[in-house]
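Have a look at the structure below before the remarks.
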Amino acid sequence: MDKKRIAEILDEMGTLLELKGENPFRSRAFHNASQIISGVTEDLSTLVKSKSLTEIKGIGSGLAGIITDLVTKGVSKQHEELRSSIPKGVLELLHLQGLGPKKVKVLYERMDIKSIAELKKACEQKLLRPVDGFGAKTEENILKSIEQRERSSDKHLYPQALESAEKIVHMLKGIKGIKRCDYAGSLRRRKEIIGDIDILVSAADKNRSDILKKFTTYEEVESVLATGDTKASVILKNGIQCDLRVVKDAEYPFALNYFTGSKEHNVEVRSLARKYGWSLNEYGFTHIEESKSSRKGSKIPSCDSEEDIYKALGLHYIPPELREKTGEIEYAQKHAIPKLIELSDLRGTFHCHTTDSDGLSTLEQMVETAKKLEWEYLGIADHSQAAAYAGGLSPEKVHAQMKQIDRMNEKDSNFRIFKGTECDILSDGSLDYSDKLLSEFDYVVASIHSKFKMTEDEATKRIIKALKNKYVTILGHPTGRLLLEREGYPVNMNEIINVAADYGKAIEINSHPMRLDLDWRYVKYAKEKGVRIFINPDAHHVDGLHDVQYGVGIARKGWLEAKDVVNTWPIRQVIHFLERK
DNA sequence: GCCGTTTTCGGCCCGACTGTTTTCAGTCG
């Protein structure tokens, strides 16, 4: 059993213990162990063999026993017992915003509610309000949470969808008879929110049924929705729907273009084709009947790639990320498509958490990975003291970390570790460390982590006050860092950008996937105002790179160039920028 | 359940908010 699954099981055991009303510290030990295991870099079976699991801080003999069972036998008796004592649907109740273990326990034990559907019904029938600790408002909030969950159930974050899609593409490419294979759709366009995964392959007709069969019986498939001659739809174990289409190889570039979208982009491209006297669909170009076209179609060029299709229409190649009907056709006609930022443009980053706060990797591991990525520098920005839930650093711990960084920098002059902090912006807009301490950092990322239910005015004022602090270098996640089912806080980004421009601060891209319209616009406006952008990996485990890809995705859509982005600059330029504060 | 010892058991990150209370429990980050 792999590390990820073991961490999930330990986490689930912690939750089940909470639901059973066990000693909260006991359940916390399981949650804690889950975090620890997912951050362990050594091979677990090696640790089991050498009986050295208990040497890890936080893993005692009890947890070591459970982990050993999971690694060697694939099951744990304690886990099985816990699991059989609570219905699966009860665990799902915990995913609802506002419901924690105590309330869920009451719902299950007193009201016999075992699923979200049953809970919804009970709220609608106003059955909860007589129960101690519940009221009309609680019912209302629960219904709201259920509604929100239903709305986002068919939406998935880019990194999760990407991981699944890459595995499937890899599996398909191993099948004999497949000529080309890619994922298409919103995933290829690097949208932050993905509906479903579209995968396209080309193969000879005789191989189609074999390919579709291998796809529908793939180990990650939970259920098969439909399967036909040329396409199949499945639901993956992580809940994402995945569609596979098989086409002839000659049709492949057209199908890839068609299924990549966006729909709006396709409409523009197809209408452009009509001006050439051609009709474009997912199979290729065809001549428009002369009676239906004012222009007689010229000879259709052969197309073996998407580049050929765009070229045939007099266009520069348009990368998928820009196919959103945001003016890309005009840019392509003028051959003025920008060179997009690639992951390989990154020279370092500034928003990294280590195990000193809530990161999963140690400072040494983070640095080692950054060097492997051929980065030139790494900025360490652990949480400040107010973020106690995330292990925020006291001033003493900050100094200890700074000393460690100095020692590491002395040892290796070819790589630079910058001393930073992700300092909380407190509710009144002041910062969580004294100016004296802030002045000791190479740079300061300032972010909000508390009191999210602010009005736009409150949030904007709070951020602007912090931005004016001379030691702040970068504004962290300006619209909030909450994902999918949560809401961010409203801010007046234009006002914030104006202040950032006046005070020479950089702004982070990371944001809130549900509110990306705001992020796009702010990235464009920031560029106009000359405010530097910083792509946020918010890296807890730097080799994961998921958050980095996500940030790069938004940067590309904002038509940013590498020179606009702080962490694509060479180290000299970065030092100059940081010293300017 | 783990840790760190005053080696046999007490303490285990905290502050703000909400909705329920009538002084606090539960949830969140």
Side-chain angles (χ1 to χ4, degrees), chain A residues 9-11 13-37 53-68 76 78-79 82 93-107 123 128-145 148 353 355-359 382-397 422 424-428 430 432 447-455 458-459 462 476-477 480-489 512 538 540:
Chain A
I9 288 176
L10 293 173
D11 196 57
M13 289 178 80
T15 306
L16 288 165
L17 288 167
E18 279 177 84
L19 285 176
K20 290 175 77 76
E22 281 269 357
N23 176 355
F25 296 107
R26 188 173 171 223
S27 80
R28 189 186 293 177
F30 278 87
H31 288 303
N32 187 33
S34 167
Q35 284 279 315
I36 293 167
I37 290 303
L53 276 171
T54 50
E55 283 167 27
I56 304 170
K57 195 168 177 287
I59 308 289
S61 57
L63 279 161
I66 293 169
I67 296 166
T68 301
S76 148
Q78 285 103 314
H79 176 235
L82 265 177
L93 298 181
L94 282 168
H95 295 150
L96 294 171
Q97 173 80 349
L99 282 188
K102 299 283 169 59
K103 283 214 161 78
V104 168
K105 186 169 189 282
V106 172
L107 289 172
C123 286
L128 296 189
R129 52 187 69 179
V131 183
D132 279 350
F134 289 78
K137 191 81 188 173
T138 316
E139 285 173 347
E140 201 181 296
N141 286 341
I142 289 174
L143 284 174
K144 251 188 229 164
S145 301
Q148 204 158 32
H353 299 280
T355 46
D356 286 347
S357 66
D358 63 348
D382 273 312
H383 285 284
S384 62
Q385 53 197 354
Y389 60 89
L393 272 55
S394 64
E396 293 73 32
K397 283 193 171 170
E422 182 183 19
D424 264 40
I425 301 174
L426 304 177
S427 50
D428 64 349
S430 64
D432 190 29
S447 322
I448 289 180
H449 294 105
S450 61
K451 203 183 154 192
F452 295 109
K453 289 184 178 170
M454 298 174 281
T455 63
E458 280 170 336
R462 187 170 162 189
H477 45 73
R481 164 120 186 99
L482 305 173
L483 305 176
L484 279 181
E485 68 271 27
R486 311 261 197 272
E487 287 175 40
Y489 40 82
H512 190 287
D538 204 339
H540 292 73

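Chain letters run A, B, ... following the sequence lines, proteins first, then strands; residues in each count from 1. These figures come from a predicted structure and were not determined experimentally.
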Q: Give one of base, sugar-phosphate or nothing for A:L17, where a contact means two heavy atoms less than 4.0 Å apart.
A: nothing
Q. Which nucleotide in the list B:dG1, B:dC2, B:dG26 gets nearest to the side chain of A:F25?
A. B:dG1
(Q) Go nucleotide by nucleotide along DNA chain B from the 5' end; which of A:L94 and A:F134 gets its closest nucleotide reached first? (A) A:F134
Q) Quantified in whole Å, what is the C1' atom distance between nucleotide B:dT8 and nucleotide B:dC2? A) 14 Å
Q: Have a look at A:P24 and say if it touches a base, only the backbone sugar-phosphate, or nothing, with a 4.0 Å heavy-atom cut-off.
A: nothing
Q) Between B:dT20, B:dC28, B:dG26, which one does the side chain of A:K103 approach most closely? A) B:dG26
Q: Using the C1' atom as the reference point in each nucleotide, state the distance between B:dC9 and B:dG15 in Å, no decimals.
A: 29 Å
(Q) Quick check: on DNA chain B, is the nucleotide nearest A:D132 upstream (toward 5') of the one nearest A:A390, or the reverse? Name the residue that is more 5'. (A) A:A390
Q. Between atom CG of A:L16 and atom CZ of A:F30, what is the distance when rounded to the nearest 0.5 Å?
A. 10.0 Å
Q. What's the CD-P distance between A:E18 and B:dC28, to the nearest Å?
A. 10 Å
Q) Among A:S357, A:S384, A:S447, whose side chain to side chain donor-acceptor pair (under 3.5 Å) with A:E422 holds? A) A:S447
Q) Between the side chains of A:S27 and A:E22, is a donor N or O closer than 3.5 angstrom to an acceptor N or O? A) no
Q) Base, sugar-phosphate alone, or nothing: which one does A:I56 contact when heavy atoms must sit under 4.0 Å apart? A) sugar-phosphate
Q. Taking the P atom of each, how far is B:dG4 from B:dC13, in whole Å?
A. 12 Å
Q.
Using the P atom as the point on both nucleotides, what is the distance between B:dC12 and B:dG19, in whole Å?
A. 30 Å
Every protein N/O lying under 3.5 Å from an N/O of nucleotides 15-18 of chain B:
none

Q) Between A:H353 and A:H383, how do the two ring planes meet: parallel, tilted or perpendicular, split at 30° and 60°? A) parallel
(Q) What's the gap between B:dA25 and B:dT20 when it is taken at their C1' atoms, as a whole Å value? (A) 8 Å
Q | Option among A:R26, A:H31, A:R28 that satisfies the side chain to side chain donor-acceptor pair (under 3.5 Å) test with A:E18 | A | A:H31
Q. Expressed in angstrom and rounded to an integer, what is the separation of A:L82 atom CG from B:dG1 atom C1'?
A. 13 Å
Q. Roughly how far apart are A:I67 CD1 and A:L10 CG, rounded to 0.5 Å?
A. 5.5 Å
Q) What residues, two or more places apart in sequence or in another chain, satisfy ring pair (Phe, Tyr, Trp, His ring centres under 6.0 Å) together with A:H79? A) none
Q.
Counting distance alone, no hydrogens or angles: does the base of B:dG1 have a donor or acceptor under 3.5 Å from a partner atom on the side chain of A:N32?
A. no
(Q) Without decimals, in angstroms, what is the distance between A:K102 NZ and B:dC24 C1'? (A) 12 Å
Q.
Counting only side-chain heavy atoms from C-beta out, which of B:dC12, B:dC14, B:dT20 sits nearest to A:N23?
A. B:dC12
Q) Taking atom P of B:dG1 as reference, at what distance in whole Å does atom CG of A:L16 sit? A) 14 Å
Q: Name the pairing partner of B:dG1, where a pair is Watson-Crick or G-U wobble with both distances under 3.5 Å, or state none.
A: B:dC12
Q | Protein-nucleotide distance (A:K57, atom NZ; B:dG1, atom P), rounded to Å | A | 18 Å
Q: Can you tell me, in whole Å, how much space there is between the P of B:dT23 and that of B:dA16?
A: 23 Å
Q) Which whole number of Å gives the distance between the P atom of B:dT5 and that of B:dG1? A) 22 Å
Q) Of the non-hydrogen atoms in A:I142 and A:C123, which two are nearest, and what is the gap between them? A) CG2-SG, 3.6 Å
(Q) How many whole angstroms separate atom CG of A:L393 from atom P of B:dC13? (A) 15 Å
Q: Figure out the CD/C1' separation between A:Q35 and B:dG29, and round it to whole Å.
A: 13 Å
Q | Distance, rounded to the nearest Å, where A:H449 contributes NE2 and B:dG29 contributes P | A | 12 Å
Q. So, is A:R28 near the phosphate of B:dC13, with a side-chain N or O under 4.0 Å from OP1 or OP2?
A. yes
Q | Closest to side chain of A:L63, choosing from B:dG29, B:dG1, B:dG19 | A | B:dG1
Q: Look at all strands and tell whether A:S27 reaches a base, only sugar-phosphate, or nothing, counting heavy atoms closer than 4.0 Å.
A: nothing
**Q.** Under the salt bridge (Lys or Arg N to Asp or Glu O under 4.0 Å) test, residues paired with A:K105 that sit two or more places apart
**A.** A:E109
